[in-house]
**Student:** 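Take this structure, written in structure tokens, and hold onto it; I'll ask about it next.
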Amino acid sequence: MILSVRDLPQHVGEEATVRGWLYNLRSKGKIHFLQVRDGTGIVQGVVGKGDVPDPAFAACEGIPQESSVVVTGAVRADARAPGGVELHLRDVQVIQRSEPYPIALQSHGPDFLLRHRHLWLRSRKPWATLRVRHQVIRAIRDFFDSQGFTNVDAPIFTPAACEGTTTLFEVKYFDEGNAYLTQSGQLYIEAAAMSLGKVYCFGPVFRAERSKTRKHLTEFWMVEPEVAYATLPDIMDLAEGLIVAIAARVLENCREELKVLERDPAPLEKIRKPFPRLTHAEAVKRVNARGVAMAADDDFGAPQEEALVQGEERPVMVYRWPSAIKAFYMKRDPADPAVALGVDVIAPEGFGEVIGGGQREDDLAKLLERIEAEKLPKEAFEWYLDLRRYGTVPHGGFGLGLERTVQWMCGTEHIRETVPFPRMLYRICP
RNA sequence: UCCCCGGUAGCUCAAUUGGUAGAGUAGCGGACUGUUAAUCCGUGGGUUGGAGGUUCGAGCCCUCCCCGGGGAGCCA
């Protein structure tokens, strides 16, 4: 019976066939230990001289690492085996003898590993990280789907910028001139929210910023919910609920993966409601009190962010921002136009901003005013302005960066490890 | 775009004051019936990122270039 390594403990005493790759081989003369991985786990196969015909035994000698193998044998419980069970092999088929495998069971530098990303994916930590990533994606979709949201995806090719063109990748688009790779689906799902009420888009976005840090990718995935009739407090509750749901899902389904990643689950267990909520003004006061300079109309730089979350076990929500440093579409407080009804969520443990969002400007006249003040091309936004001409309502949403969230959950040093094939300033291969 | 650090064997690194470039690992050959990154013996492997300069002599010092890493800004 063909079985997954993961399921072997339920089949002790039976015979099983495992199809996978040779993770490591240890030979001790008349006994071979073959560690075989199949995507669900690693199992140790044991074959002693005399257990199988001599040619079969000899065939096990010197099988290179990562050779594709199909092994068959009796499942036995054995405390000496990693994982608690092992296979006493009666048959070993080598599907392909691997050429000498570049990634050894030793340390490698980041440049080497990234150049071999297509092979590095097979290693333990990338394996665990991709599985956590999958669970985070599932948690996000389940969270929204179970609350009556409809998934409406936004286009990747867009005709113009959301917020200026300096950070956009430009591509040729037939006879239409230049198109740009989207940096956010927000404007489009605002339209969809006026149709379906509660919507989210979830897909890749692109930023042509020349960032070179452990928190940035040029291509990353973002989930963006948008809710009709939602106000800033609704959006903050939604963001809080989503993050709590993600952390709970990872803790429930990824214990083994966290262990492989050497990620202490304790900080994730502390991610519970309520999150501390500070207005931008209160946050500035806190940062200054902790000895880091910050003006009332400043955005958070790296040191300010660090001071803000110092000592916090939960994410910190900063809301009511100076309108001057927020995007044109963000709604101003009608009672105080100097304040924008935005919210950022800063993760603890130095993982930084994972969410940015808020309430949108729903008043046509004020939106026009903002577009003119920022000298944005009005024609490009005509369709967007239509949303305010035909049945405008208060509404809002946010964007959550998938990779930063995965990085946080996994405790990963660098964001490039949270995506299968990272795209960065100086790296586009493989 | 700016600041800092690095580039030596396939990989990870060492090389004292400027004085014959070395180890582990991977590879190859051999030994070993419970290995846990197995161990032990033997063995091949180098345009020291590139170009120029200083010097009797440069992996090491100087100049320029290339590549990578970390950080800032920007943001998710």
Side-chain angles (χ1 to χ4, degrees), chain A residues 23-35 42 44-51 57 60-62 64-66 76 78-84 86 88 98-116 119-120 123-124 162-164 166-168 183-186 202-224 239 243 298-305 325-327 344-347 351-357 398-408 413-416 418-419 424-427:
Chain A
Y23 178 71
N24 196 13
L25 170 71
R26 300 193 190 97
S27 287
K28 202 173 179 304
K30 300 207 170 60
I31 183 167
H32 301 307
F33 299 92
L34 290 78
Q35 297 191 330
I42 297 177
Q44 174 166 282
V46 185
V47 56
K49 194 169 173 66
D51 296 352
F57 183 81
C60 293
E61 283 167 16
Q65 186 190 354
E66 284 305 314
R76 298 206 191 147
D78 193 313
R80 292 171 296 184
E86 62 184 15
H88 284 248
S98 174
E99 294 178 22
Y101 191 62
I103 302 180
L105 299 177
Q106 67 170 49
S107 61
H108 292 281
D111 181 46
F112 178 83
L113 288 171
L114 286 165
R115 278 189 283 113
H116 294 84
L119 300 177
W120 187 23
S123 299
R124 296 279 281 158
C162 294
E163 325 164 28
T166 53
T167 63
L168 290 169
Q183 59 181 351
S184 163
Q186 183 201 314
F202 195 2
V205 294
F206 307 86
R207 302 278 166 91
E209 292 150 3
R210 302 182 78 84
S211 300
K212 204 168 173 288
T213 81
R214 69 181 72 171
K215 289 178 187 165
H216 290 87
L217 295 164
T218 56
E219 174 182 332
F220 64 97
W221 280 59
M222 187 156 69
V223 60
E224 295 174 274
I243 289 175
D298 270 353
D299 203 345
F300 291 84
Q304 288 78 20
E305 202 171 274
I325 56 173
K326 284 294 178 183
D344 280 8
V345 181
I346 318 293
F351 290 103
E353 185 181 341
V354 291
I355 280 181
F398 60 82
L400 172 132
L402 175 64
E403 286 77 10
R404 284 203 185 158
T405 305
V406 173
Q407 186 184 8
W408 175 21
E413 184 71 13
H414 200 299
I415 197 166
R416 64 191 166 207
T418 65
V419 62
M424 296 178 295
L425 182 51
Y426 295 118
R427 201 175 287 281

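Sequence lines set the chain letters: A, B, ... in the order given, protein chains first and strands last, and positions in each chain run from 1.
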**Student:** Does some side-chain heavy atom of A/V46 sit less than 4.5 Å from a side-chain heavy atom of A/I31?
**Tutor:** yes
**Student:** Assess the side chains of A/S27 and A/E61: does a donor N or O sit below 3.5 Å from an acceptor N or O?
**Tutor:** no
**Student:** Can you give me the N/O atom pairs linking the protein to nucleotides 23-30 of chain B at distances under 3.5 Å, or say none if there are none?
**Tutor:**
from: B/U25; atom 1: O2'; to: A/Q106; atom 2: OE1; distance (Å): 2.6

**Student:** Could you check which of B/G73, B/U33, B/G69 has an atom nearest any side-chain atom of A/K212?
**Tutor:** B/G69
**Student:** If I take atom CG in residue A/L425 and atom P in nucleotide B/A72, what distance separates them, rounded to the nearest angstrom?
**Tutor:** 15 Å
**Student:** When the ring planes of A/F57 and A/H32 are compared, do they come out parallel, tilted or perpendicular, using 30° and 60° as the limits?
**Tutor:** parallel
**Student:** I need the NE2-C1' distance between A/H88 and B/G34, as an integer number of Å.
**Tutor:** 10 Å
**Student:** Nearest-nucleotide wise, let me know which of A/Q35 and A/L402 is further upstream toward the 5' end of RNA chain B.
**Tutor:** A/Q35
**Student:** Just compare B/C75, B/U12, B/A72 and give me whichever is closest to any side-chain atom of A/R207.
**Tutor:** B/C75
**Student:** If we only count heavy atoms from C-beta on, is the A/I103 to A/F112 side-chain gap below 4.5 Å?
**Tutor:** yes
**Student:** If I take atom CD in residue A/Q44 and atom P in nucleotide B/U35, what distance separates them, rounded to the nearest angstrom?
**Tutor:** 10 Å
**Student:** Once you apply a heavy-atom cut-off of 4.0 Å, does A/G48 come out as touching a base, just sugar-phosphate, or nothing?
**Tutor:** nothing
**Student:** When you measure from the side chain of A/H108, which nucleotide among B/A76, B/U12, B/U35 comes out closest?
**Tutor:** B/U12
**Student:** Classify the nucleic acid contact of A/I103 as base, sugar-phosphate or nothing, counting any heavy atom under 4.0 Å across all strands shown.
**Tutor:** nothing
**Student:** Provide, to the nearest angstrom, the distance between the CZ atom belonging to A/F57 and the P atom belonging to B/C32.
**Tutor:** 11 Å
**Student:** Counting distance alone, no hydrogens or angles: does the base of B/C75 have a donor or acceptor under 3.5 Å from a partner atom on the side chain of A/R404?
**Tutor:** yes
**Student:** Under 3.5 Å for both donor-acceptor distances, Watson-Crick or wobble: does B/A9 have a partner, and if so which one?
**Tutor:** none
**Student:** Is the base of B/A76 stacked against the aromatic ring of A/F220, taking ring centres under 5.5 Å apart and planes under 30° as the test?
**Tutor:** yes
**Student:** Taking CG from A/D78 and P from B/U35, how many angstroms apart are they, rounded to a whole number?
**Tutor:** 11 Å
**Student:** Once you round to the nearest 0.5 Å, how far does NE2 of A/H414 lie from NZ of A/K215?
**Tutor:** 11.5 Å
**Student:** Would you indicate, yes or no, if B/G34 has its OP1 or OP2 atom less than 4.0 angstrom from a side-chain nitrogen or oxygen of A/K28?
**Tutor:** yes
**Student:** Answer yes or no: is there an ion pair linking A/R427 with A/D111, defined by an N-O contact shorter than 4.0 Å?
**Tutor:** yes
**Student:** May I ask you to evaluate whether A/R115 reaches the phosphate of B/G69, defined as a side-chain N or O under 4.0 Å from OP1 or OP2?
**Tutor:** no
**Student:** OP1 or OP2 of B/U1 less than 4.0 angstrom from a side-chain nitrogen or oxygen of A/R210, does that happen here?
**Tutor:** yes
**Student:** If you check every side-chain atom of A/E305, which of B/A76, B/C75, B/G34 has the closest atom?
**Tutor:** B/C75
**Student:** Is it the case that B/C75 (base atoms only) and A/H216 (side chain only) share a donor and an acceptor within less than 3.5 Å, ignoring hydrogens and angles?
**Tutor:** yes
**Student:** Checking only heavy atoms, does the side chain of A/S211 share a donor-acceptor pair with the base of B/C74 at less than 3.5 Å?
**Tutor:** yes
**Student:** With side chains defined as the heavy atoms from C-beta onward, is the minimum distance between A/L400 and A/I243 less than 4.5 Å?
**Tutor:** yes
**Student:** B/U33, B/G68, B/U35: which one has an atom nearest the side-chain heavy atoms of A/F33?
**Tutor:** B/U35
**Student:** Applying a 3.5 Å limit to both distances, which nucleotide forms a Watson-Crick or G-U wobble pair with B/U17?
**Tutor:** none
**Student:** Starting at the 5' end of RNA chain B and moving along, which residue's nearest nucleotide shows up first, A/G401 or A/M424?
**Tutor:** A/M424
